[in-house]
Every structure is written in structure tokens, then in C-alpha cells.
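The analysis underlying the following values was restricted to heavy atoms, covering all of them including side chains, and did not include hydrogens, waters or symmetry mates. This structure is a prediction, so every number in the text was calculated from the model and none was measured.
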Amino acid sequence: GGWLNYIAHGWPYGHLELVSKDDKVLDEEVKESRLESAHGALDQVSRKLFEPFDEVMELKMNFLFVSFFAPIMPIGLVPTLVARLLEVRSKATKLFFVRRRCWPGDSRILHQTQDAFARLAAQAAIIWHTGLVCIAYNPYLADWSPWKVAGIWFASIFVVTVIVTKVSAWIHRLRRRISRRWHAQQRAM
């Protein structure tokens with residue numbers, strides 16, 4: 001398959017020749033232009049398909065990586081951020097020159113899954129971070145019973161979750177209010 005066949009045999013399509021339906025003789029420039037278009041189409045078809053869902057999943061996995069390992073090694077955020085910035089900047093090159101462009105699809109599923117992912121990732125990060133504070137960074141852990149550690153951990157999770165949920169709801173309300181005002185101003189103009 002695939003790339004081995006391309007390396008062994010080269011370009012998968014033979015020599016292109018322009019054939020006209022009617023017996024019109026075409027100008028050399030027109031022939032060259034049409035042959036160039038055909039080569040471009042065949043070049044596009046021979047590439048691997050660009051998968052937007054895979055790209056979004058990769059970004060989500062990187063976000064989880066950063067959110068879980070930031071408290072363990074905070075200096076690791078800097079090279080990770082630089083790597084992600086370079087990667088995001090190279091996505092356009094990947095889309096336009098390396099991969100075949102896919103047919104545009106509905107983006108609602110990406111937006112809906114992003115919202116659910118963000119909520120679950122925030123909840124998982126809260127559990128992870130409070131666990132690190134209560135267990136790994138606790139000098140009194142040896143003196144506490146396992147029930148006390150678990151109780152403090154779950155109480156901390158509950159308090160932080162309530163705070164994050166309230167702040168998130170406040171931000172959403174504020175965003176909706178600003179959006180309504182902006183739309184009202186646009187309609188008034």
C-alpha cells in the first residue's frame with residue numbers, strides 16, 4: 001500500500017493527454033492550462049485526507065496533558081506552549097500543501113463536543129489538582145487517617161467545583177448580556 005508503492009513506482013498516474021470532444025484545435029496556452037488543472041486535481045486526489053476531527057482531538061489531548069502535568073512540572077509549560085504554537089501555525093501548510101482538502105461539513109458537532117470536553121476536563125483537573133494538594137503536597141499526611149484524607153479531598157473537590165461552576169455561569173450570563181446588547185445596537189442602526 002500507500003507510500004511504499006509511491007516510493008517504488010512513483011507518480012501513480014500515467015502521462016496526461018488532452019482529448020477534445022469536438023475536432024477543435026486548442027491553443028497551446030489553453031492546452032497547458034487545462035493539463036495543469038488536471039495535474040492539480042490528480043495531485044489533490046493522491047494525498048491523504050485532512051481530518052479536522054483528528055486535529056481537534058489532538059488539540060484536546062494536548063490540553064489534557066498540560067492541565068494534568070502543569071502542577072507537577074510547571075516549567076514544562078513553556079516548551080509545550082512553544083511546540084503547540086508552532087504546530088498550530090503549521091496546520092495551514094498541512095491543509096493546503098500536504099493533505100487533501102476534505103468536503104466542508106457541519107461544525108455543530110465540533111462545537112457541542114468542545115463544550116462537553118471543556119466541562120469534563122475542568123472537572124477532572126479539579127479532582128487531580130485537589131488530590132495533589134491533599135496527598136502529594138501534604139506534610140501531615142502520615143498523621144491523618146485515610147478517611148480524613150478522603151473526606152478533605154472530596155470536600156475540597158466539592159468547594160472548588162461549586163466555585164468554578166458559579167464563575168462559569170456568571171461568565172456565560174455576562175457574555176449573553178453583552179451579545180444581546182450588541183445585537184440590539186446592530187438592529188437599531
Could you tell me the separation between the [atom1] atom of [X] and the [atom2] atom of [Y], rounded to the nearest 0.5 Å?
| X | Y | atom1 | atom2 | result |
| --- | --- | --- | --- | --- |
| Arg181 | Gln185 | CZ | CD | 9.0 Å |
| Glu55 | Glu87 | CD | CD | 7.0 Å |
| Leu120 | Lys60 | CG | NZ | 10.0 Å |
| Gln114 | Ile109 | CD | CD1 | 13.0 Å |
| Glu32 | Ser37 | CD | OG | 11.0 Å |

With the side chain counted from C-beta on, respond yes when [X] and [Y] share a heavy-atom pair under 4.5 Å apart, and no when they do not.
| X | Y | answer |
| --- | --- | --- |
| Leu59 | Val88 | yes |
| Ser67 | Trp128 | no |
| Val164 | Gln123 | no |
| Ser179 | Arg175 | no |
| Asn62 | Thr80 | no |

- prompt: Which ILVMFWY residues are connected to Leu86, directly or by a chain of links, through side-chain heavy atoms under 4.5 Å apart?
  reply: Val82
Would you kindly confirm whether [X] and [Y] end up in one hydrophobic cluster when ILVMFWY residues are joined by side chain heavy atoms under 4.5 Å apart?
| X | Y | answer |
| --- | --- | --- |
| Leu77 | Phe69 | yes |
| Tyr137 | Phe68 | yes |
| Met73 | Phe65 | no |
| Val159 | Ile126 | no |
| Ile135 | Phe154 | yes |

Hey, is [atom1] on [X] packed in by over 12 heavy atoms from elsewhere, all under 6.0 Å?
| X | atom1 | answer |
| --- | --- | --- |
| Glu36 | CD | no |
| Leu174 | CG | yes |
| Phe117 | CZ | yes |
| Glu29 | CD | no |

Just by modelled atom types, is the [Y] backbone N or O under 3.5 Å from a matching donor or acceptor in the [X] side chain?
| X | Y | answer |
| --- | --- | --- |
| Trp144 | Val149 | no |
| Ser156 | Ile152 | yes |
| Trp153 | Ile127 | yes |

- request: In sequence, state the C-alpha distance, the side-chain angles, and the governing distance for Arg84 and Val66, and then conclude on side chain to side chain contact (heavy atoms under 4.5 Å, CB included).
  value: CA-CA 11 Å; Arg84 293 306 143 236; Val66 167; 5.9 Å; no
field: Exercise: identify the closest heavy-atom pair between Pro71 and Pro74
entry: O-CD, 4.2 Å
